[in-house]
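Data block below; observations after.
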Number of protein chains: 2
Amino acid sequence: MDMNDFKERKKKILQVVIHHYVRTARPAASRMIVRDYDFPFSSATVRNVLAELEEEGYLTHPYTSAGRIPTDKGYRFYVNRLMEAQKLTQEEERRIEREYRAKRRGLEEVLRQTSKMLSHISHHAGFILSPTLERSFLKHIELVPLGGKRILAVLVIQAGLIRHKTIQLNYDLKRSQLYRISELLNEKLSGLPLSQMREKMNRIIEQESNKYLGLLQAAKGLIGQAFTSEESEIYLEGSANILASVKEDLYDYAGVGSVFRAIEEKRIILDIVRRLIQSEGVKVLIGRENLYPELKDFSVVSSTYKSGNRVVGALGIIGPKRMEYPKMVALVDFIAKVVNNILNSEGG
Amino acid sequence: MDMNDFKERKKKILQVVIHHYVRTARPAASRMIVRDYDFPFSSATVRNVLAELEEEGYLTHPYTSAGRIPTDKGYRFYVNRLMEAQKLTQEEERRIEREYRAKRRGLEEVLRQTSKMLSHISHHAGFILSPTLERSFLKHIELVPLGGKRILAVLVIQAGLIRHKTIQLNYDLKRSQLYRISELLNEKLSGLPLSQMREKMNRIIEQESNKYLGLLQAAKGLIGQAFTSEESEIYLEGSANILASVKEDLYDYAGVGSVFRAIEEKRIILDIVRRLIQSEGVKVLIGRENLYPELKDFSVVSSTYKSGNRVVGALGIIGPKRMEYPKMVALVDFIAKVVNNILNSEGG
DNA sequence: AATTAGCACTCCCAACAGCAGAGTGCTAAT
DNA sequence: ATTAGCACTCTGCTGTTGGGAGTGCTAATT
């Protein structure tokens, strides 16, 4: 970086301020910058630049004679333009892969493990959404008798997700009958996206005027229920880490309660992530960019995963704005890729 | 209560101190007791009694000239002997019942809802354990083909719990074959406690030397896996409330992180509750009675629920020691009963 | 013998002042 | 364009002070 280039120097200083603040949680002072980063200028010069950066909205300072800390805009510029892409260490990548290999059961297990891993490695809160049903394809459906006019519908989704739903009928059905109906449904429905299910059922019912008509009607209602009411589930881990970062940052504890409540309710994450699910690749949302005021002091780094060639879910981390973005981006990116592989090697 | 009876008066004073502290989170002072509770004695007299109570270990005071606050022993005496049983208000009972009626699907939904309700009404953290598998009876088992030599085993437990597990075989099986095997398994196994399953499978395999032997072998492994590896799940809600109580109590924030981590990990709750599952009725654990040091400033109020006539799970709340015990006991008791009813009316 | 009035004593807590240190902003010199 | 220098601001600590709350004890009262 050419220090004589005015603009370059300015960027460099912004970068240093952010690095310093991320590492230490203390505002960065002009003299410190010169000293610790071998800056070939005096502190006075740096002060001028800092003043400019503040003018332009990239930095601020908590009180008159404190050092500078980044604003959301500052972080944003850093993330977009300044930070260098980073990779996880070999050690970390290996650890992740080993972890997945060690214990590999159903999709649920993978999801749970993923959220845990995101949290442990990042030291922030980690989350992953289970595949959205509407965007997935049906792989198999099976109706199982529970006795007492109740049946259990088991749905296997392409991504490997398994959902079940208890249905109350007002008449009895033998196991053998259910077996045949399941067969019929599989024949007609499997491979289709769930979003088209209802409509398809209608068509089947029109054509098929056989003795199972009643049950098909029931099955239709059942499928409608099972698919529309279910939200994606969130696997969330390590929200206690939020507390730790709040402590370091000396924020006021006042707001913490609301953050927790917000995260615990999961609605917000769901909402934020729903927006991201449209696009691919790692996305970073900084501070107030998360439209929810509870998260104004936090950042979300997230990515998506696919089943087949459709994006069906998202995962990521939530931590203080003051986080190591390059590392977090690398982590989320890597884990998203691993999850993708797992889902599309065996699950598909 | 006869105020002239020395002992009665002492109890009354202990009770007042606890009430006051629970309500206000401030130590109770002698003068305040006399004033606010129309005490027919002077503050000096009360002071003497307070000193005695402290001597005997029921009270303590944070520093020389502060009022008194209860010790664990004080709370214990209060819970055992002093507090009057309380019922929920009609309004609350109705609300709870309405809530359950409104949205009644599978057991999972009931569990989730229960933990939420416990949390919302108590304003503390609410939890419920899903039925322990070993203590439950098998109601139905079904094997479903997933394609690619994988099958899904769906287990329906008497309490209404549904578990599924993906199994990888090294040979293919037709759906019709699986159908027949399921039938066989149901015939032989349903109604049995899961704890005897493995042994029973052995006997079946001995007797049945037919063509499905290979699969039965597989099924045996499968069942073993599915039942032993699974822990009870905890549904936990409202841990953010813990934060609020810590704030009120002016504890130091230092320990909060550990509490959170402890609760989030769920291991501890699981452990505490495993002990309770032996007995019936509402149990209260106060402060250090929860052997885990992280919980030394918290109390757990919990009860159990049954399936058939066996205790299979537990539920309750976790809150600060400074909680309204009579109310909490009433709440946990009531909800446990409701859950019992739900499980044993339709689920059984 | 139980109760109470009275008072000394302890400890907390909030307010205040004083002071060193860190850092900035500005001006004038280079 | 850069820098030295200095006044100024604000924090964060420390020490002090005074009031208030509440106890513990003793001696007086019933």
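Here is the naming used below: chain letters follow the sequence lines, and residue numbers restart at 1 for every chain. As a basis for the values below, the full set of heavy atoms in this structure was taken, side chains included, without hydrogen atoms, waters or symmetry mates.
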side-chain hydrogen bond (donor to acceptor under 3.5 Å, both in side chains) partners for B:Arg267, two or more places apart | B:Glu265
Of the nucleotides D:dT3, C:dG25, C:dC11, which one has an atom closest to the side chain of A:Phe41?
-> D:dT3
Calculate the interatomic distance between A:His61 atom NE2 and D:dC8 atom P; express it in whole Å.
-> 18 Å
From CZ of B:Phe6 across to P of C:dA1 the rounded distance in Å is 14 Å
Separation of atom CD in A:Glu55 from atom C1' in C:dC26, rounded to whole Å | 15 Å
Whole-Å distance between C:dC26 P and A:Glu54 CD?
-> 11 Å
Could you tell me whether B:Phe127 and B:Tyr235 have their ring centroids closer than 6.0 angstrom?
-> no
Looking only at side-chain N and O atoms, does B:Thr45 come under 4.0 Å of OP1 or OP2 in C:dT4?
-> yes
Considering only heavy atoms and no angle criterion, is a donor-acceptor pair shorter than 3.5 Å present between the side chain of B:Ser65 and the base of D:dT23?
-> no
Expected output: side-chain A:Glu54 to main-chain A:Ala51 donor-acceptor under 3.5 Å | no
OH of A:Tyr63 versus C1' of D:dC10: gap in Å, rounded?
-> 7 Å
For atom CZ of A:Arg47 and atom P of D:dA7, their distance in whole Å = 15 Å
Hey, is the main chain of B:His20 close enough, under 3.5 Å, to the side chain of B:Thr24 for a donor-acceptor pair?
-> yes
State plainly whether the residues A:Asp72 and A:Arg76 are in salt-bridge range, i.e. N to O under 4.0 Å.
-> no
Any side-chain N or O of B:Arg26 less than 4.0 Å from the OP1 or OP2 oxygen of C:dC12?
-> no
Please give, in whole Å, the distance from D:dA21 C1' to B:Arg68 CZ?
-> 13 Å
Heavy-atom nearest nucleotide on DNA chain D taken for A:Thr64 and for B:Met32; more 5' hit belongs to A:Thr64
Test of ring centre spacing under 6.0 Å for A:Tyr75 and A:Tyr58 = no
Between A:Arg31 (side chain) and A:Ser43 (backbone), is there a donor-acceptor pair under 3.5 Å?
-> no
Whole-Å gap separating C1' (C:dG23) and CG (A:Asn48) | 14 Å
Would you mind telling me which of C:dG25, D:dT2, C:dT4 lies closest to the side-chain atoms of A:Ala51?
-> C:dG25
Ranking C:dC12, D:dA4, D:dT23 by distance to the side chain of A:Ala44, first place goes to D:dA4
Within the modelled atom types, does a donor on one side and an acceptor on the other bring the side chain of A:Arg31 and the base of C:dG23 under 3.5 Å apart?
-> no
Listed range with range, the stems formed with DNA chain C by at least 3 consecutive Watson-Crick or G-U pairs (under 3.5 Å) are C:1-30 with D:1-30
What does B:Ser30 touch in the nucleic acid at a heavy-atom separation under 4.0 angstrom: a base, only the sugar-phosphate, or nothing?
-> sugar-phosphate
